[in-house]
Amino acid sequence: VYMNKNKSFYIIGGGGQAKIIIAATYSSQDILGVFDHDEKKLGKTLFEGHKITNMPPLSWWDEHKPRVITALGN
């Protein structure tokens, strides 16, 4: 998978599928953040140094309208 360098994005989901997306990304610098709602995953770091953070409130999504890739397996 080739990711355009000018198309930075966030990942929703902090498990194995997120790791696959990070590994397949052209540059890990394209990934702006990794969000998950699972409290057991919050604060953990996936390889390439991407720390899992809590999901932002709906108002943040509406204001920023970010690009996202959903990486949910369950």
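Computed from a predicted structure; not experimentally measured.
Partners of His37 under the side-chain contact (heavy atoms from CB on, under 4.5 Å) rule, at least two apart in sequence or in another chain, are Met55. Judged as a side-chain contact (heavy atoms from CB on, under 4.5 Å), and not counting sequence neighbours, the contacts of Leu42 are Glu39, Ile52, Asn54. Scored by the side-chain hydrogen bond (donor to acceptor under 3.5 Å, both in side chains) test, Trp60 finds His64 as partners (sequence neighbours excluded). When the salt bridge (Lys or Arg N to Asp or Glu O under 4.0 Å) test is applied to Lys19, no partner is found at least two apart in sequence or on another chain. Residues passing the salt bridge (Lys or Arg N to Asp or Glu O under 4.0 Å) test with Lys65, sequence neighbours excluded: Asp62.
Considering CD1 of Ile31 and CD1 of Ile69, their distance stands at 8.0 Å, rounded to 0.5 Å. Lys51 NZ to Thr45 OG1: the interatomic distance, rounded to the nearest 0.5 Å, is 5.0 Å. One finds the CG atom of Asp36 at 10.5 Å from the NZ atom of Lys44 (value rounded to the nearest 0.5 Å).
Phe35 and Tyr10 have parallel rings, their planes meeting at less than 30° on a 0 to 90° scale where 60° marks the start of perpendicular.
Side-chain heavy atoms closer than 4.5 Å link hydrophobic residues (I, L, V, M, F, W, Y) into clusters, and following such links, even through other members, never connects Val34 to Val68.
Using a 4.5 Å heavy-atom cutoff, the side chains of Phe9 and Asp30 are in contact.
When atom types are taken as modelled, the side chain of Trp61 and the backbone of Pro56 share a donor-acceptor pair closer than 3.5 angstrom.
Leu72 and Gly13 get closest at one heavy-atom pair: CD2-CA, 3.7 Å. Across Leu46 and Ile22, no two heavy atoms sit closer than the pair CD1-CD1, 3.8 Å. Residues Ala71 and Ile21 approach most closely at CB-CD1, 3.5 Å, considering heavy atoms.
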